[in-house]
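Written below as structure tokens is the structure these notes are about.
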Amino acid sequence: LLLLLLLPSSSNSSSCPCSVFCLSLSLFSAVFVMRCDLIAIPPLSQLFRSPRISTMTSALPKQIAVVREHHRESCTDAVYVPQKRAIISGSTDKQILVCLRRDNGQYWPSVSVDAPAAITCMHHHNPTSTLFVGLASGAIVEYEVADDMNALTERKTFQAHTGRVNEIIFDPERNFILSCSADNSVTLSSTVSHGKRLASISLTAACLIMQYDCSSQTVFVGDFHGDINVLGIEDNKFKRKTDPLQGHQGSVQSLLWVPQKKWLFSGSFDKRIILWDIGGKKGDTYEFHGHKMKVRSLTYIDRMDVLISVGDDLIITWDLSVEHEVTPEWNEGDKCEICGGLFFWNMKEMWSKKSFSVKRQHHCRRCGKAVCDDCSKFRSTYPIMGFEELVRICDACKKDVQSSNLTPLAKHFPFTGRFERVRYHLETDTVIVALKNGNIKLLSMKPVLDHSKQGTSSIATSMTTTTTTPTSSVETVSKQSLTAVVDMTTKSASDDEDEDDIFDAIANAEDDLKF
């Protein structure tokens with residue numbers, strides 16, 4: 001319409017070249033606007049991302065029950081008690097609910113108790129019928145749960161922290177509880193008498209998650225900076241056992257300790273999973289890459305030797321029966337380790353050689369060498385090292401990767417929803433999900449596990465490649481099934497996969513407000 005207003009008002013305006021141009025442009029704009037809702041325009045984040053391998057399967061967790069509209073605000077935690085056919089949940093509305101399963105299969109509240117502050121986490125110990133509830137105020141309230149699950153009786157309150165309580169662990173043999181908080185502290189409190197605080201240690205960042213090994217009294221604490229602190233308990237006092245485990249570039253939101261193998265799994269907002277081989281005492285780490293969003297929960301199924309990871313986008317099962325390769329450390333240098341080309345920041349050597357270079361530093365995912373883009377145009381999956389999607393491979397490793405077995409060792413299952421916490425019940429293979437809308441979902445993982453037993457080779461793998469033309473149009477190349485490697489010789493030299501996508505960084509920024 002604005003262009004039409006620019007048309008000359010003279011009688012011979014139709015013959016004016018400017019009038020013809022404006023009229024044509026106006027008609028084209030009108031048609032384009034009317035057709036915009038019919039054109040499939042991909043988001044910008046897809047235009048700049050590298051091709052990925054998709055191993056999505058059709059199996060889904062089976063929904064057992066949904067508890068709806070009982071919490072007025074976000075449900076922050078939920079515990080499943082199958083022996084009593086009950087669900088215990090807490091919310092930011094300060095309400096603790098105990099819902100029992102009725103004859104029609106639905107769960108309805110039988111107990112409702114108001115806590116002193118918003119509920120942030122819970123820990124239920126079924127043998128002693130004890131429930132510990134962490135609050136946003138930093139306090140922890142202990143309740144006695146009736147045998148018929150129809151009553152909650154408050155026993156005592158622990159003044160453990162000054163900030164939000166993020167995790168609680170109960171040791172019934174030693175009669176104490178461990179708790180970590182957003183106030184950067186880990187606290188040890190006695191459950192005898194009035195709940196005396198026995199010890200406390202302050203760390204460098206907000207403590208988000210915690211795991212505990214009873215036999216060695218070792219505490220693993222994941223923090224907001226991405227570190228994993230390793231603490232020991234001696235004479236009811238904390239003692240650092242080693243320097244923090246560093247490997248994540250985002251907040252550690254999930255930890256899993258497997259005592260029989262002495263493995264520690266960690267999942268982070270950087271979308272990676274790291275296996276720390278604590279029992280090997282060699283400092284070996286194994287990485288698993290497959291999630292495209294934050295990793296929220298980890299569970300290990302010993303009978304199947306399978307790791308289950310839950311993220312904001314997917315549920316992935318990882319086959320650990322196959323021996324994986326150790327993740328190499330990334331080298332840093334001033335020049336490419338293959339061709340010797342100088343990186344752009346090496347100004348001193350460029351001045352001495354009277355040369356100029358704009359090469360950027362990249363890293364081969366298989367060997368960890370610092371290489372330039374010209375020497376690492378090859379892309380491939382490498383499942384034996386946990387890379388289930390296309391990653392950068394240098395020319396020196398190209399032949400070895402092409403000749404290796406690239407059969408996927410992970411299976412991807414769709415899983416979406418805005419949830420606060422996910423808990424896995426090993427005895428029943430059941431997942432309970434506390435949602436931000438106040439609802440609770442109870443899901444059976446048996447369809448997922450049954451599908452995982454069939455073997456990863458049955459997955460139909462496909463690849464979709466997108467290229468950007470000079471006119472900014474997007475062309476999608478047809479899918480090529482069962483393809484695991486691709487030569488990226490036509491890929492732009494400005495690509496840098498060593499850094500997070502800016503769109504992913506924007507999506508993750510909202511989590512900073514939570515802590």
Side-chain angles (χ1 to χ4, degrees), residues 67-81 84 86-100 107-126 128-170 176-183 185-197 200 206-210 418-423 432-442 514-515:
V67 182
R68 303 178 184 273
E69 300 178 355
H70 296 309
H71 286 294
R72 300 183 298 274
E73 297 179 12
S74 175
C75 181
T76 51
D77 202 353
V79 179
Y80 180 46
V81 189
K84 303 295 179 64
I87 293 175
I88 306 175
S89 60
S91 169
T92 54
D93 62 7
K94 305 180 183 180
Q95 193 177 32
I96 306 172
L97 291 179
V98 179
C99 298
L100 296 178
Y107 286 80
W108 289 93
S110 63
V111 177
S112 177
V113 175
D114 290 331
I119 299 163
T120 56
C121 65
M122 296 191 301
H123 177 86
H124 177 254
H125 189 251
N126 190 51
T128 59
S129 300
T130 306
L131 176 68
F132 297 94
V133 179
L135 307 178
S137 62
I140 300 174
V141 183
E142 179 183 343
Y143 293 92
E144 179 183 356
V145 185
D147 291 337
D148 58 0
M149 306 296 289
N150 283 316
L152 286 178
T153 305
E154 182 177 342
R155 287 177 177 171
K156 64 176 73 72
T157 299
F158 304 84
Q159 299 299 332
H161 303 277
T162 58
R164 167 194 173 105
V165 181
N166 288 323
E167 189 69 58
I168 304 170
I169 297 176
F170 175 47
F176 63 66
I177 59 170
L178 288 159
S179 58
C180 67
S181 168
D183 64 2
S185 69
V186 180
T187 298
L188 180 69
S189 303
S190 172
T191 57
V192 182
S193 67
H194 299 290
K196 178 183 177 182
R197 182 190 295 184
S200 181
C207 305
L208 308 182
I209 194 69
M210 185 170 55
R418 295 177 56 83
F419 55 87
E420 288 282 357
R421 189 181 287 254
V422 178
R423 291 185 180 273
I432 186 165
V433 185
L435 299 170
K436 291 186 176 181
N437 61 4
N439 296 342
I440 303 164
K441 284 187 177 182
L442 194 62
K514 185 175 180 181
F515 306 106

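Quick note: residue numbers are just sequence positions, from 1.
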Which heavy atom of [X] sits nearest a heavy atom of [Y], and at what distance?
| X | Y | value |
| --- | --- | --- |
| Val186 | Cys180 | CG2-CB, 4.2 Å |
| Met149 | Ala86 | CE-CB, 3.7 Å |
| Ser189 | Phe158 | CB-CD2, 3.8 Å |
| Asp147 | Lys84 | O-NZ, 3.2 Å |
| Arg197 | Ala160 | NH2-O, 2.9 Å |

Whether the side chain of [X] engages the backbone of [Y] through a donor-acceptor N/O pair (distance < 3.5 Å, no angle test) should be reported.
| X | Y | value |
| --- | --- | --- |
| Ser110 | Asn150 | no |
| Asn166 | Cys207 | yes |
| Asp183 | Thr162 | yes |
| Arg418 | Leu435 | no |
| Ser179 | Glu167 | no |

Legend entry - Min side-chain heavy-atom separation His194-Lys156 under 4.5 Å: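 A side-chain contact is absent here, since even the closest heavy-atom pair is not under 4.5 Å.
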Atom pair [atom1] ([X]) and [atom2] ([Y]), whose distance is rounded to the nearest 0.5 Å:
| X | Y | atom1 | atom2 | value |
| --- | --- | --- | --- | --- |
| Ile88 | Met122 | CD1 | CE | 6.5 Å |
| His70 | Ser91 | NE2 | OG | 12.5 Å |
| Cys75 | Asn439 | SG | CG | 8.5 Å |
| Gln159 | Ile140 | CD | CD1 | 9.5 Å |
| Ile168 | Thr120 | CD1 | OG1 | 7.0 Å |
| Glu69 | Asn437 | CD | CG | 9.5 Å |

Inset, instruction - Quickly, which of Phe132, Phe170, Tyr143 forms a ring-ring contact (aromatic ring centres under 6.0 Å, His included) with His125? Name it, please. - result: Phe170
Inset, instruction - Take Thr130 and Arg155 through the test side-chain contact (heavy atoms from CB on, under 4.5 Å) and record every step on the way to the result. - result: CA-CA 10 Å; Thr130 306; Arg155 287 177 177 171; 3.3 Å; yes
Legend entry - Under 3.5 Å side-chain donor-acceptor pair for Gln95 and Ser112: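 Result is yes, a qualifying pair exists.
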Inset, instruction - Ignoring hydrogens and angles, state whether a donor on the side chain of Ser74 or Glu420 is under 3.5 Å from an acceptor on the partner side chain. - result: yes
Legend entry - side-chain contact (heavy atoms from CB on, under 4.5 Å) assessment of Val81 paired with Asn126: CA-CA 8 Å; Val81 189; Asn126 190 51; 3.8 Å; yes
Legend entry - Passing candidate, side chain to side chain contact (heavy atoms under 4.5 Å, CB included) with Ile432, options Val422, Ile87, Val79: Ile87
Inset, instruction - Determine, stepwise, if the pair Leu135 / Ile119 fulfils side-chain contact (heavy atoms from CB on, under 4.5 Å). - result: CA-CA 5 Å; Leu135 307 178; Ile119 299 163; 4.1 Å; yes
